[in-house]
Number of protein chains: 2
Amino acid sequence: MSNEQANWETSREEFIAQWGALGSHWGINRTMAQIHALLMTAPEAMHTEEIMERLHVSRGNANTNLRELVGWALVRVVVKKGERREYFEAEKDVWKMFITIAKERKRRELDPALGVLKNCAEQTKEEPAGPGKDFHRQMKELQEFVEFSMKVSDTVSGMKHASALQWAMRLLS
Amino acid sequence: MSNEQANWETSREEFIAQWGALGSHWGINRTMAQIHALLMTAPEAMHTEEIMERLHVSRGNANTNLRELVGWALVRVVVKKGERREYFEAEKDVWKMFITIAKERKRRELDPALGVLKNCAEQTKEEPAGPGKDFHRQMKELQEFVEFSMKVSDTVSGMKHASALQWAMRLLS
DNA sequence: TTAAACTTTCAGTATTATCTGAAAGTAAGA
DNA sequence: TCTTACTTTCAGATAATACTGAAAGTTTAA
């Protein structure tokens with residue numbers, strides 16, 4: 001039977017399925033997360049056709065989500081000499097992956113959110129004591145917290161894996 | 001005109017709308033995020049009726065999402081003496097809020113994810129050198145990263161706001 | 001040029017998530 | 001016990017999101 005597959009492929013299937021499910025709890029399209037999981041565990045770069053077949057998705061869907069992943073810088077396009085079609089490969093280093101995701105989410109979501117908070121704080125800074133002032137204080141506190149998180153995130157993102165680990169050891173000990 | 005409203009209420013509307021949008025990028029139901037934003041900026045505890053009216057949502061929707069927020073421990077039920085209906089109030093301290101969310105997401109999503117990774121790693125630990133072994137290593141690395149994140153998260157969650165700030169200052173300097 | 005090989009786009013369709021409203025459930029107190 | 005005031009549930013409706021497939025677009029090379 002050609003239905004036989006290596007044992008690890010069974011685990012891989014499970015990983016892909018679960019990574020997809022997890023993604024959708026975090027506002028990430030299920031197919032996108034699955035493609036990511038597939039490429040993350042791929043021994044070689046893959047092309048669209050292979051991905052379509054493996055995940056049973058249409059060309060349009062595969063293409064859109066691959067582009068999205070490339071946009072997130074989690075996946076790179078690989079051109080093979082003598083071949084016309086594009087191959088895709090994912091970043092496999094977990095630490096780099098984490099940093100990439102953190103940076104991207106910051107840019108896409110935290111930055112706009114911070115804008116709103118600043119705006120709300122600014123618009124209410126003249127409020128006299130009472131509910132208006134309380135609201136102002138609340139927005140200020142949120143704003144400061146977000147700014148603080150961003151700084152931490154930037155600092156950690158700038159670290160090499162080794163120094164991050166060292167830093168963490170100190171924190172955890 | 002009774003359409004007039006305090007200036008800060010205008011900012012509050014914007015905050016609620018944007019908090020809802022942000023939430024949905026993070027896999028959180030928009031209404032839930034909006035109720036949270038509403039309560040977070042409420043001078044007094046509110047009851048279901050007020051929330052329904054303010055956000056134009058049905059009783060069922062309001063009730064479900066309030067219960068969900070109580071389940072997340074982001075909102076508390078308040079009973080007023082002499083009153084039969086329940087009032088709701090949100091945690092306003094940003095640091096506490098953050099810790100609560102971190103703990104809850106860990107419990108709900110990271111714990112199960114870790115299970116899958118461990119499983120995948122376990123099932124492939126005997127793989128001989130080659131793609132199977134590479135997969136095993138990949139799962140191990142992800143597992144270790146998740147375990148590490150959990151430790152950091154637990155440590156930070158255990159901190160009082162003050163000591164967290166102190167810690168952060170050292171990191172950022 | 002023309003054709004072949006591949007990628008992108010998008011209108012229409014399918015799927016999933018969310019919401020409504022009314023009926024059923026619960027509990028206090030008259 | 002009955003009524004009233006409230007909360008919960010959930011089947012069906014609606015809205016948001018994701019997916020398909022085929023046509024249009026692009027690039028390479030003969």
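To find a chain, count down the sequence lines: A is the first, B the second, and so on, and within it residues start at 1. Because the structure is a prediction, the values reported are computed rather than measured.
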Check: Can you list every salt bridge (Lys or Arg N to Asp or Glu O under 4.0 Å) pair that touches residues 62-77 of chain B, not counting sequence neighbours?
Finding: Arg67(B)-Glu86(B), Glu68(B)-Arg108(B), Arg76(B)-Glu89(B), Arg76(B)-Glu91(B)
Next item on the list: Just report the end-to-end axis angle for the helix from dT1(C)-dA30(D) to dA30(C)-dT1(D), five pairs per end, to 10 degrees.
Entry: 10°
Check: Taking DNA chain D as the partner, which of residues 54-62 of chain B come within under 4.0 angstrom of it by heavy atom?
Finding: Arg59(B), Gly60(B)
Note to self: Please list, in numerical order, the residues of residues 25-51 of chain B that have a heavy atom closer than 4.0 Å to any atom of DNA chain D.
What the structure shows: none
Pairwise side-chain contact, [X] with [Y], heavy-atom cut-off 4.5 Å (strictly under):
{"X": "Ile101(B)", "Y": "Trp72(B)", "answer": "yes"}
{"X": "Arg12(B)", "Y": "Arg54(B)", "answer": "yes"}
{"X": "Asn7(A)", "Y": "Glu127(B)", "answer": "yes"}
{"X": "Glu14(B)", "Y": "Asn119(A)", "answer": "yes"}
{"X": "Val75(A)", "Y": "Ile35(A)", "answer": "no"}
{"X": "Met40(B)", "Y": "Phe15(B)", "answer": "yes"}

Notebook entry, point to check: Quick one: ring pair (Phe, Tyr, Trp, His ring centres under 6.0 Å) partners of Trp95(B), sequence neighbours excluded?
Noted result: Phe98(B), His161(B)
Item checked: Contacts of type ring pair (Phe, Tyr, Trp, His ring centres under 6.0 Å), residue Phe88(B), not counting sequence neighbours -> none
Item checked: Any residue meeting salt bridge (Lys or Arg N to Asp or Glu O under 4.0 Å) with Asp154(B), in chain and number order, not counting sequence neighbours -> none
Margin query: I'd like to check the salt bridge (Lys or Arg N to Asp or Glu O under 4.0 Å) partners of Lys125(A); sequence neighbours left out, ordered by chain and number.
Written below: Glu122(A)
Note to self: Gln143(B): which residues meet the side chain to side chain contact (heavy atoms under 4.5 Å, CB included) condition with it, sequence neighbours left out?
What the structure shows: Leu114(B), Leu117(B), Lys118(B), Ala121(B), Lys140(B), Glu147(B)
Notebook entry, point to check: Where does the chain A footprint on DNA chain C start and end, counting 5' to 3' with a 4.0 Å heavy-atom cut-off?
Noted result: dA4(C) to dT9(C)
Which pairs of donor and acceptor atoms, one on a side chain in residues 18-28 of chain A, lie under 3.5 Å apart (sequence neighbours left out)?
unit_1: Ser24(A); atom_1: OG; unit_2: Ala21(A); atom_2: O; d: 2.8
unit_1: Trp26(A); atom_1: NE1; unit_2: Glu109(B); atom_2: OE1; d: 3.2

Next item on the list: Specify the separation, in whole Å, of atom CG of Leu69(B) and atom P of dT7(D).
Entry: 16 Å
Margin query: Give the residues of residues 71-88 of chain B touching DNA chain C, defined as any heavy atom closer than 4.0 Å, sorted by residue number.
Written below: Arg84(B)
Margin query: Check the orientation of Trp8(B) and Phe135(A). Use parallel for under 30°, tilted for 30 to 60°, and perpendicular for over 60°.
Written below: tilted
Check: Rounded to the nearest 0.5 Å, how far does CD of Glu13(B) lie from OG1 of Thr41(B)?
Finding: 9.5 Å
